[in-house]
Amino acid sequence: MAVRQTDGLGTLVKRYRTALGLTQEELAERAGVSARSISDLERGLERVPHLSTIRRLADALELPPAQRAVFIAAGSRARGGDDIPAVPEARSGRLPALRRMPWPVMAAASLGVAVLASVIAVVIARGLGPHPTQLHVYSTARAPIVIGSWGTTVGKAMSFAPTLGDMAVGPPGYDYAVSYGTPSGSIALRFSPDGQALSVFPVANQTTTVGGAAVDARGNLWVVTGAGIRKFAPDGRLLAQWKSSGFNPGQFDTPVSVGFARNGDVLIGEIGSHRVQVLTPAMKPLRQWNGPGGDAQKFAPVGFAVNAQDDVYIVDTGNWRIEKYTLGGKFLGAWRARALVPQPQSGNFGFDLSIGGDGNIYLMQSTDSLLSIERLSPSGQELAWWTSVGPHREVSKNVDGLEFTEQGYGFMGVIDGRILKVNQNMRVLASWSLHRLQQPLFRSPVALAADNRGHLSVADARTHQIVTLSADSGSVTRWSAPITAPVNSQMVSSIAVDPRGNVVLTEANGTLVDTYARDGTRIRRTGQELSVTSPTVLSYTAVGIDSKGNASFLTYPQPTVKTYSPSGRLLHSWCAVCDIPTLNSPVLMAVSPAGNVYIAVPSEIVEFTPADVPVHSWSGRTISGSGPLLDAAGIAVDNHGNLYVNDLDRNALEIFSPSGRRLASWKGLGVKSRFTDLGAVTVNGQGDIYLINGKSVLELAPLRTTTQAAAKSAAAP
């Protein structure tokens, strides 16, 4: 969205807030100010806030670097100061899917060659992520914000119909297929680029018709259902629905297609009123247009494709042509296409339109007997034409979806229940059946660990596998970990990731420690196999690794902490219960980046220094003053020393400051979405929170704490 530097701060706040679909109250909660302050600021009644408050508002509005610079400059002018140079300021914001955006690169021209060199080193070390729209997302103390979800809450396969409907692609890891007419209604399947089912959820019942689907920049799925639109989170939660039927702006008359502009505006195509509506992400109407030329009463926008310049391409099956518009509705041109042939009213046929990674347009039409795909230039010139795809006979017809990703490959949905991954020359790269994709990602996740490179490793007790999720590409890696402990064990009791990204795991009721590369190659094994006839041998129940790579292990039944260097040298070995008599049977452990050890029992958590000195103790009574003691199902600690506890008694995620003050108590993802069965929890270097919730794994945005706010303030220029 282009913004003039002459706009006032209040005008910008209202504009960006509306674009995000936030109410004044929601923005106030995100920014840590009062709703009255937001209202007065937008109306020009409030004096200009302090620069730190302006920065918090910019964070809450999730502004990209260019818009953030304009926003802060507007605040500086209003306070009577000089304009701030239009470069991003130094700050730590939400990374695109687990990584930080390299802000110093944007300011290097003014900081000199030496700084630029160090910045490049930081960029190489951290990596670049793919989700620029997810920058600077923070959860509040009142409620978490879900930014990722994998698996299902039930841990079992969900039935699909034999027919596959629309395809919808988004950021890596947020690609969907919609299956129509299942026994329970229409189903959405989120899958990875390498053919793993990430999550499955229903989108409509059996009596509701389902039309087009699309994915917004946050990975949320929007589906045309009946006479309205439904918006789903990646974990299947229904976030919003709009079903007002009519001809007025903001109402819908037989909607069939949905798409998105780069600024988040929503485009809805309606064949009942022969129009396209453009709405804000909160579905507030902005404008609408009908198709010029031909017969406007036949205008039938059944499919959208929006390019990087926000040119809107429409498949018009009323006039049987492709039309091109600006986002404002200005008509730019129209042309016929060989792959768009008029069809009778009866019979099965489908259409799809997509923009490839090369910027060209891909038009697909399928009937009962023929598949046609045409590649067109942005000006409508035919570049290629296909009537089949690869050696797969089933895709010579009955294809109901074709969508390309920005990474240069696309997905085709075949009606008989198959997904094809293709390149821009229609070469088949991979093929997956719905039968394979019906299998859940996890059956019984028991332990997890995240690294700072955007990877999450999860141990599945039912399948005896380690599943590694890669946020930068959305891919999934599975590998089996040989089990040597007694047959009745759960395989893995704890899992950690060292600074090199290697996965370290301990077996339940076993004395072996295995270290694997991320691809499943075992690097080393230490310890000895547990003998069934020697039950007194100490076994490892938990593992934690600090920022130097030192690994600490908790043993059972004699609670001892053993810390080893990366080379395997024993650094410390101390009794975990000698100083605190109540710690008679520790079951959980977490290690901070600095090496402090946190040990949990059902009623208490104690923090030790690496040299066996207890420094702090947590329990429900001593922290909150009342209520039951903590019953920890999982504990973790972040870089700031904040403690995360999955409390079984309250079925809540409790977050405490290093001093023991409760920062947040989350019992679910909203009023109607409670946690089901909390398990392990972990936090990566950027503060992203991962937790096991039943048979699924959730990623929550970092909590904005006073410690983080102070660090941000100190880093600000």
Side-chain angles (χ1 to χ4, degrees), residues 1-44 46 48-79 84 86-96 100-101 103 106 131-147 216-220 239 260-266 279-284 286 687 701-704 708-709 712-713 716:
M1 179 186 298
V3 179
R4 293 177 294 111
Q5 291 220 8
T6 55
D7 288 332
L9 183 64
T11 301
L12 293 178
V13 169
K14 184 175 182 180
R15 178 178 299 167
Y16 292 138
R17 175 181 63 79
T18 303
L20 275 181
L22 297 174
T23 65
Q24 291 179 343
E25 291 75 12
E26 290 170 335
L27 175 59
E29 182 177 348
R30 284 189 174 196
V33 300
S34 68
R36 177 66 179 272
S37 297
I38 298 295
S39 175
D40 290 348
L41 183 60
E42 291 185 355
R43 291 184 297 163
E46 173 71 24
V48 179
H50 191 271
L51 184 58
S52 63
T53 304
I54 296 174
R55 289 192 176 112
R56 291 205 308 272
L57 285 170
D59 287 341
L61 291 167
E62 303 170 25
L63 300 180
Q67 292 179 357
R68 182 183 179 88
V70 172
F71 185 84
I72 294 177
S76 177
R77 287 194 304 272
R79 293 183 60 85
I84 298 176
V87 295
E89 61 182 30
R91 71 199 223 283
S92 60
R94 159 80 181 139
L95 290 170
R100 302 286 180 193
M101 186 174 183
W103 60 264
M106 304 295 294
H131 306 324
T133 57
Q134 291 188 354
L135 284 169
H136 324 306
V137 176
Y138 290 92
S139 293
T140 67
R142 293 183 183 180
I145 296 178
V146 180
I147 53 179
D216 65 21
R218 295 181 179 275
N220 300 315
L239 299 177
F260 298 99
R262 294 288 166 164
N263 66 356
D265 288 346
V266 185
L279 309 99
T280 69
M283 299 301 274
K284 303 297 183 183
L286 297 174
L703 175 69
R704 184 184 294 281
Q708 293 167 334
K712 286 171 62 64
S713 178

Visitor: Of the non-hydrogen atoms in F260 and D216, which two are nearest, and what is the gap between them?
Guide: CE1-N, 3.7 Å
Visitor: Which heavy-atom pair separates L703 from A141 by the least distance, and what is that distance?
Guide: CD1-N, 3.6 Å
Visitor: Which pair of non-hydrogen atoms, one from A701 and one from S139, has the smallest distance, and what is that distance?
Guide: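 A701 and S139 have their closest heavy atoms at O-OG, 3.1 Å.
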Visitor: At what distance, to the nearest 0.5 angstrom, does CG of N263 lie from OH of Y16?
Guide: 11.0 Å
Visitor: If I take atom CG from residue L41 and atom CD1 from residue I54, how far apart are they, to the nearest 0.5 angstrom?
Guide: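 The CD1 atom of I54 is 8.5 Å from CG of L41, to the nearest 0.5 Å.
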Visitor: Once you round to the nearest 0.5 Å, how far does NZ of K14 lie from CD1 of I38?
Guide: 13.0 Å
Visitor: If I take atom CG from residue L27 and atom CG from residue L61, how far apart are they, to the nearest 0.5 angstrom?
Guide: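 So the gap between those two atoms works out to 5.0 Å.
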Visitor: Find the distance between CD (E42) and CG (L9) and round it off to the nearest 0.5 Å.
Guide: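 So the gap between those two atoms works out to 10.0 Å.
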Visitor: In chain order, what residues pass the side chain to side chain contact (heavy atoms under 4.5 Å, CB included) check against S34, with sequence neighbours excluded?
Guide: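 S34 satisfies side chain to side chain contact (heavy atoms under 4.5 Å, CB included) with R36, S37 only.
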Visitor: Can you give me the closest heavy-atom contact between T280 and D265, atom names plus distance?
Guide: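 Answer, listing the atom of T280 first, then D265: CA-OD1, 4.1 Å.
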